[in-house]
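One structure below.
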Amino acid sequence: MTKHSLTRRDFMRLGAGAAAASMAARATILEPKTLWASPRPVPPSDTVRFGIIGTGIEGCSLLQASLPVPGIECIAAADLYDSRHEAAKEALGGKNIDTTREYRRILDRKDIDAVLCATPDHWHRRIVTEAAEAGKDVYCEKPMSHTVEDGFAMIDAVQKHDRMCQIGSQRVSSILYAKAKEIWDSGKLGDVDTIEAAWDRNTDSGAWVYPIPPDASTQTIDWNTWLDGAPKRAYDPVRFFRWRCFRDYGAGLAGDLFVHLISGIHFVTGTTQPAQRAQSTGGLYYYKDGREFPDLLWTMYDYPNFNLVLRCNHNNAEVGEFFGFYGKKGTMTIHGSTLTFRPQADCHQPEDYSIYGWPAKLRNEYLANWAKEHPAPKPGEFHIGEDEEVYTPPPGYSDMTDHIANFFHAVRTRKPVVENEVFGNNAAIGCHLSNHAYFQKAAAVWDASAKKITNG
Ligand SMILES: NC(=O)c1ccc[n+]([C@@H]2O[C@H](COP(=O)([O-])OP(=O)(O)OC[C@H]3O[C@@H](n4cnc5c(N)ncnc54)[C@H](O)[C@@H]3O)[C@@H](O)[C@H]2O)c1
């Protein structure tokens, strides 16, 4: 710390007014640096043609977000629910693409280079491995795997067939998280031993209580195919539309939301392995609607160099989406789309606790010496909040478009993506550790050599 860059706390200690202390920190709107933000014309011969499998909530979002990316074209979509064929066309602005219930028709097409997979989690393994075998590059939604075993089978298939694979946690391509990574890499935070993150919501939609469309029936939905390897059961629209609530198809809060938090944290911190150990708690407090997952979940993870605490709560949205990286020299938070770096008040403080157990004479001598060695800055020599930095993306910024653009850039150039199959698998293992610990009521330990979770 120089005398020209006091922290807010220092300033307050010097007796400055609260008005000055609330002065705004330096705020920066980040500049998109991505491929699609300054599109170059792509010759038609270089256009990457793709198909999409699963055009529900996320599939349609992906299609919409893909529209600004130059040099790509969606030509086919597969979904087991007929109304979603229409939804896919609408998401593409009314484009008349080939639609089908049979995803194999997409994989068999020679004019398709890549596929996006946005099915529920229990279908990811089969679609990714079959897509790789069919010679397609594949963008697969998060969480990459439904089980630990699935993840390693997917890695094998992608690598065996030398395909590009990207998993769909879009924070990894976000300019906000790239700035967070830059701050992390700069060492400004000092040693970080604690990271926490939360994603709290308080709406029925946030808790996956999605309405059932009135045309949903066994006529419009291929229910038996949708079940795939899951136990056979009679048509149940609640399971079809709210699959996140059920263990046969989804992974609850950990698979839906923790995976985004873990992916963001792995990206920022450069972590290339799953957590070593996890302990979970939580409960089902409000949404007692037959779901098999809690509506409040906490997990504490051990990594080699830091501890991580994650929380998702469906019953209070005060915190929203939040990350805190707590270092010896500084704190970095991401709250929604605002990134803040704040230095910690450093050690240039006079001792003001234990000296009250000293006689007044010694105490006063100590304080006088301290003041001599650390002269207070003169008024006008410093600015409050000078060390605090605030960053936000520009209005309308879409990290999903960036993520899609990064995938197709890799498809075209064969240059690696950050969130490849190994990255995605590490993040998904974090979800499986969390759920294992929650349901087993035991610490979940990652055994990397056996590629298995065991009870700790
Ligand atoms: N990256 C994100 O921010 C984000 C956001 C939401 C969902 N997701 C992920 O996207 C995936 C899909 O989630 P969703 O909310 O869109 O679910 P959804 O239920 O709304 O849509 C899934 C669609 O996949 C279709 N489908 C299932 N199996 C199929 C098959 N074999 N062939 C063809 N179609 C098939 C279903 O018919 C359904 O229409 C999940 O893995 C989810 O975790 C990611």
Side-chain angles (χ1 to χ4, degrees), residues 51-65 76-88 91 99-107 115-131 138-146 150 154 166-174 199 201 205-206 208 210-213 215-216 218 220-230 235 237-246 248-264 321 398-404 407 419 424 427-428 431:
I52 183 163
I53 302 171
T55 56
I57 305 166
E58 181 63 4
C60 287
S61 299
L62 287 171
L63 291 177
Q64 275 168 7
D79 200 288
L80 298 173
Y81 168 30
D82 298 339
S83 289
R84 285 183 163 158
H85 300 165
E86 200 51 39
T99 54
T100 172
R101 284 186 176 188
E102 307 280 335
Y103 74 93
R104 284 286 342 170
R105 257 178 58 189
I106 292 193
L107 299 187
V115 294
L116 312 186
C117 169
T119 62
D121 311 351
H122 69 298
W123 263 98
H124 289 180
R125 172 181 178 165
R126 191 156 151 195
I127 289 172
V128 169
T129 52
E130 290 185 25
V138 56
Y139 178 113
C140 176
E141 265 310 333
K142 50 52 56 175
M144 173 169 142
S145 62
H146 190 220
D150 283 0
M154 292 158 86
Q166 182 176 278
I167 308 305
S169 275
Q170 55 270 27
R171 280 154 193 77
V172 175
S173 293
S174 155
W199 196 332
R201 300 163 161 180
S205 177
W208 319 314
Y210 304 138
I212 314 280
D215 72 343
T218 48
T220 55
I221 291 173
D222 180 350
W223 167 250
N224 287 328
T225 301
W226 186 86
L227 283 174
D228 191 35
Y235 169 66
V238 169
R239 284 181 175 255
F240 185 88
F241 290 99
R242 302 177 189 164
W243 56 264
R244 287 167 173 79
C245 301
F246 302 97
D248 285 338
Y249 331 110
L253 284 167
D256 203 35
L257 302 177
F258 276 11
V259 71
H260 281 303
L261 304 175
I262 294 171
S263 298
E321 189 184 344
S398 163
D399 54 10
M400 198 188 277
T401 298
D402 270 358
H403 206 43
I404 293 169
F407 170 66
E419 197 181 348
C431 309

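Read the numbers this way: they start at 1 and go in the same order the structure lists the ligands and their atoms. None of these values were measured; they are calculated from a predicted model.
Protein neighbours of ligand 1 below 4.0 Å, counting non-hydrogen atoms: Ile53, Gly54, Gly56, Ile57, Glu58, Ala78, Asp79, Leu80, Tyr81, Arg84, Tyr103, Ala118, Thr119, Pro120, Asp121, Trp123, His124, Glu141, Lys142, Pro143, Gly168, Gln170, Trp226, Phe240, Trp243, Arg244, His260.
Using cut-offs of 30° and 60° on the angle between ring planes, the pair Trp226 and Phe240 is tilted. Ring planes of Phe246 and Tyr249: perpendicular class, angle over 60° (limits at 30 and 60°). Below 30°, between 30° and 60°, or above 60°: for His260 and Trp199 the angle between ring planes is between 30° and 60°, a tilted geometry.
How far CZ of Arg105 is from OG1 of Thr100: 4.0 Å, rounded to the nearest 0.5 Å.
In this structure, Asp82 pairs ionically with Arg101, as a charged nitrogen and a carboxylate oxygen lie closer than 4.0 Å. Classification of Asp121 and Lys142 as a salt-bridged pair fails, no side-chain N sitting under 4.0 Å from a carboxylate O.
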